[in-house]
Each structure stands twice: as structure tokens, then as C-alpha cells.
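A short worksheet on the structure shown next.
Numbers restart at 1 for each chain; the letters A, B, ... are given by sequence-line order, proteins then strands. Note that the structure is a prediction, hence the values are computed from the model and not measured.
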Amino acid sequence: MSAPVVVAGASMAGLRAAEQLRAAGHTGPITLIGDEPHMPYNRPPLSKEVLAGKASFESLAFRPRAAVADVEWRLGTKVVSADLDRRRVRLDDGGTLSYAALVVATGMRPRRLRCPGPLAGRHTVRTLADARGLRAALTRPGVRVVVVGAGFIGCEVAATAVALGAAEVTVVDPLPLPMAGPLGELLGRALLRRHEARGVRFALGAGVTGFDGDGHVTGVVLDDGTVLPADVVVESVGSVANTEWLDGNGLDLTDGVLTDKHLRAGGRPDVVAVGDVARFPNARYDGVPRRVEHWSIPTDTAKHAARVLAAQLGGAEPEPAPFAPLPTFWSDQHDFRLQSFGAPALGLDDVRVIEGGPDGDLLAGYHRGGRLVGVVALGGTGAAAAAARHRAELLKTPALTA
Amino acid sequence: MKVVVDMNKCQDHGQCVFAAPDVFRFDEAGRLAYVPDPDDALRDEVEEAADVCPLQAIRIED
Ligand SMILES: Cc1cc2nc3c(=O)[nH]c(=O)nc-3n(C[C@H](O)[C@H](O)[C@H](O)COP(=O)(O)OP(=O)(O)OC[C@H]3O[C@@H](n4cnc5c(N)ncnc54)[C@H](O)[C@@H]3O)c2cc1C
Ligand code: SF4
């Protein structure tokens, strides 16, 4: 098995794919191409511990398994195009690479707001460089911070900004509650109260129409005309898949890379997608392809895709059971943690309190067709442990057919 | 095989407990406890636990 594998994207999913290819018995050459100058590093602390200064930037580096000591890393190098029929990728340094199998692991980048106004003072949080810049801005005394987007990353950054002593922190979102899209009203309301009690302000049901300031941002203009004074703006309004380099190959790239139940793209046995960029059907649920931006997904997808590829490269017919991961997600905000198992977003119409209440530790169950499809805990580590007790039940859940 | 958990990093996420219940568990106080020198037969499980620790707090020293 000396067939060369090219991995596009050298972050968590790329690293895990290389490790899992070795674990699945692939002994041929592996080349990882990443446009960031760094070896793979862990992103979640960028909006939490590292932004808060409680952990160092150096502590983020992943420790690659010994089995991948021989892989080639082409860092600071971008894949600019691919010819899947000829099994070739082109790099921004002018080189081309041929492969027997291609792993797509190019992840996401932050979506940006297009409304008018200066760019300076506006931040996103995805990379080490982003977090360094934002930390420098947030640690200046007396800053007023406006976070646009009340999703997980936005709320984490708001919590961290308060902890760093920002003078004012306001979160703006067109929706009426934070994080309610994925978690529903019950949790959204509980989260809103907890954030407000800890000093975060909210402008909900409000859109952003522009930014004030010449040269550097001084305020955020809302659609009712209000201007929120701001020294630092954080845009956390979702993400865009890095798939332009795959254009022209007939793949469905409408939202990430569409895959089959084995993470293969475009019906090609030699191309798989892993991590945030993969839009895959989950056989545990309704089989509708979705992207899942959870930290657990790079490892889960890498394991399955590597097995499928290794079998294919070894000349065997790869037919493991379809991909059916149990999604898990956490988020640390202020002194509390959210811990989620399963797919709460599929059970938003039937949310029940399993334990506790909105003011203390809270455990909520999300149901579809009367069956538990997800649990979310809010509170201390005890609450997270309570959620974990339902994990076995969630794992038993057979594929839903709704 | 030697396992070391950096207890300064560990935030009791418990992902390791699911991945390798023979090696990691929570004690009565809800803090992580683990077997520091598990049998080599458990290597796969322990590697999996190291992969799924969100704080990357688990180190395997051969
Ligand atoms: C600030 C932040 C906080 C988070 N917090 C949590 C959390 O608390 N809990 C949780 O479950 N999840 C969290 N996540 C999500 C989790 O970190 C992601 O799901 C995970 O990082 C996805 O890894 P990936 O390798 O698929 O993608 P990425 O990490 O995005 O990696 C893709 C890599 O490919 C590179 N690339 C892109 N295009 C090209 C190209 N053409 N050529 C070469 N290289 C390219 C990119 O630069 C990048 O290095 C968080 C994410 C962020 C950003
Ligand atoms: S997964 Fe990591 S952080 Fe969580 S309990 Fe285990 S070692 Fe600690």
C-alpha cells in the first residue's frame, strides 16, 4: 500500500485523518497541506482560556501520534485548485501533487458583515492570529465591546471580555434569544438571564446596518438607528466553507462538501471530506446531510473516512456500517458550562426539564416522536456529568425515519 | 504504558471516561481519577481518550 494520500487542510481534522489512516493500516506516503504557518492546534480555547490569558498560546498545539512522524507537512501553503479526474492538486507555490486518495479537511472561515464602515477594530475569532489580535484589543483599559452574533462563540467572547474587565460588553443579534437556534427557548432564556446577571448587555431583535468611525470603528449602527459606542467589535455571525479550490469538479459545494454515508464526495471512492467542511448524513438520525461544527466531529469523521479509504486503497470493498456519530458539544461561558450530547436541534419542539431548574443546574431533554434525541446540561461539572448519564440511552437510539 | 493527566489543564470534561472506562473514572468528589500504568492491551482505548480530551490534558508516555 504505497499509494500517496494528500490531505488538504492541516488542522485538527487533517491531523486526525493522517493518524487514523496509519491506524487503519495505510503505510504509504501522506502529505498535509495547510495555509496557516502553524502545526495543528486546538481552537476552542481561542475564545475561552487563551483569550482570557489563563492558558498560553503555546499550550494549544496538538501532539501528533508517533505513527505520523513520517508524514510530510507543507505549511504556509495553499491548495488553489484540484482536478479530481486526473487526481491532482495545484498549490500556490506553483507545484502540483498527484494522489491516489484525497482528504478534504479545509474547514471554515468566519463570515464577515458587508455593511458599510471602517474595518479597523473589527475582529473575528478562528485562528491563533485572530485571538492574539483580539486579546491585545480587549486588554486595553476601559474598552467598550460590541459582539455581533449571539451564538456560542459570540457568547463565549462576551463572557471572556467581561472577565478581562471591559467597561461595557453588548451582544447584538436579530433573534430574540441567544443560542436559541440550536438549543431552543428554554435554554435560550436561561442563558440570557445568566449572562445579564454577570454583566453582559444584549440588544436582541436588532440588526446591524453599519459601523461608525473614520479609519477605526467607534460605533455600531443598529437598524432602529441606535448607535452602540464601540472600541472593539467582534463579528461572530457564522462561517463559510473553504471549498473554492474544489470548484469545477462537479461536486455539490452549496454548504461545505456534500458526502455519502461514508464521507465520500461526488460518488468518488478516492475523495473523502472530514471535519467542519463535511456535509454528511448521520444514520443515527434522519439521514439529512448536515455540516456539524463540533470539536468531536474531526475525530469521528477521520476515523470513519480513514477506514473507508484504507480499504479502498488496499483493493478491498469498504462496507463498514454507515457513519452514525453521536455529536457532543460543550461551551464554557463565565462560571458555567453547557454540555450537549446527541442532536438537540432535532428535538426543539419537545423540550422537557429532566433535572433542576432555570436558575440552578439544569438538564434538558430534547425529544422527537416521543424519543430522546439530545440532552443539554447547563451549570457546573455536576450538571455535565448528569447529562453524560443519558449518553447510553442516546447511543441506543436507532436511526430515525421521520 | 504510562499515562499522565495534567490536572492543571483537566476540567473534568469526562470525555476520557467514555473512551476508556477501564483507565479513567470520576471519584466520589467528582474529580478525575485514573490508572497511571495501564496494561498495554488498553493502548487503543487510551489513545482514543487522549484524542477526545478537549483540553488535550492526557499524555501517553511509553
Ligand atoms: C473560537 C472557536 C471556539 C470553538 N469552541 C468550541 C467548543 O467550545 N466546543 C466545540 O465542540 N467546538 C468548538 N469549536 C469548533 C471546533 O474547533 C471545530 O469544529 C474544529 O476546529 C474543526 O476542525 P477542522 O480541522 O475541521 O477545521 P479547521 O480547524 O477550520 O481547519 C481547516 C484548516 O484548513 C486550512 N485551509 C483552508 N483552506 C485551505 C486551502 N485551500 N489550502 C490549504 N489549507 C487550507 C485552514 O487555514 C485551517 O487551518 C470552536 C471553534 C472556534 C473557531
Ligand atoms: S477528557 Fe480531559 S479534561 Fe476531561 S476529564 Fe478527561 S482528562 Fe480531564
Side-chain angles (χ1 to χ4, degrees), chain A residues 12-13 15-17 19-20 22-24 40-45 48-50 54-56 58-68 294-300 302-303 325-326 328-332 335 337-339 341 377 380-392 394-395, chain B:
Chain A
M12 184 181 190
L15 168 63
R16 294 291 186 244
E19 292 175 333
Q20 292 298 329
R22 288 285 183 254
Y41 58 90
N42 201 19
R43 295 192 198 275
K48 313 178 184 72
E49 297 91 340
V50 164
K54 287 192 222 145
S56 68
E58 291 68 35
S59 71
L60 296 177
F62 283 116
R63 282 182 304 271
R65 288 190 186 179
V68 294
H294 291 178
W295 190 87
S296 61
I297 291 298
T299 305
D300 291 339
K303 209 168 278 175
L326 181 74
T328 79
F329 180 86
W330 84 97
S331 174
D332 292 320
D335 51 341
R337 168 171 300 162
L338 273 162
Q339 176 75 56
F341 292 106
T381 49
R389 282 200 289 279
H390 294 269
R391 201 170 170 273
L394 290 166
L395 273 171
Chain B
M1 169 181 34
K2 267 199 153 42
V3 174
V4 183
V5 178
D6 182 341
M7 294 309 280
N8 292 324
K9 277 193 184 175
C10 172
Q11 293 197 5
D12 303 311
H13 266 274
Q15 304 294 344
C16 56
V17 179
F18 300 126
D22 296 326
V23 178
F24 301 93
R25 66 182 175 83
F26 284 120
D27 66 14
E28 292 71 30
R31 289 293 317 212
L32 184 73
Y34 64 101
V35 183
D37 52 354
D39 194 276
D40 226 44
L42 295 170
R43 180 171 295 270
D44 279 357
E45 265 186 51
V46 175
E47 284 190 336
E48 163 111 21
D51 279 358
V52 299
C53 170
L55 281 303
Q56 295 290 291
I58 302 172
R59 222 169 50 240
I60 302 167
E61 294 176 353
D62 295 326

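- Listed for the A:Asn42 side chain is no donor-acceptor partner under 3.5 Å among the backbone atoms of B:Leu55.
- If you measure heavy-atom distances from B:Glu47 to chain A, the contacts under 4.5 Å come from both the backbone and the side chain.
- The CD atom of B:Gln15 sits 10.5 Å away from atom CD of B:Glu48, with the distance rounded to the nearest 0.5 Å.
- The pair A:Arg16-B:Asp51 meets the salt-bridge criterion, with a side-chain N (NZ, NE, NH1 or NH2) lying under 4.0 Å from an Asp/Glu carboxylate O.
- Interface summary for chain B: among A:Met12, A:Gln339, A:Glu49, A:Arg63, the most heavy-atom pairs under 4.5 angstrom belong to A:Arg63.
- Using a 4.5 Å cut-off on side-chain heavy atoms (C-beta onward), B:Arg25 and B:Asp27 make contact.
- Contacts between A:Tyr41 and chain B at a heavy-atom distance below 4.5 Å are absent for every atom of the residue.
- Ion pairing of A:Glu19 with A:Arg22 is absent here, as no side-chain N (NZ or NE/NH1/NH2) approaches a carboxylate O to less than 4.0 Å.
- Counting heavy-atom pairs under 4.5 Å between each of B:Asn8, B:Val17, B:Asp44, B:Ile58 and chain A puts B:Ile58 at the top.
- Neither the backbone nor the side chain of A:Lys54 comes within less than 4.5 Å of any heavy atom of chain B.
- Of the atoms belonging to A:Asp332, it is side-chain heavy atoms, and not backbone ones, that fall under 4.5 Å from chain B.
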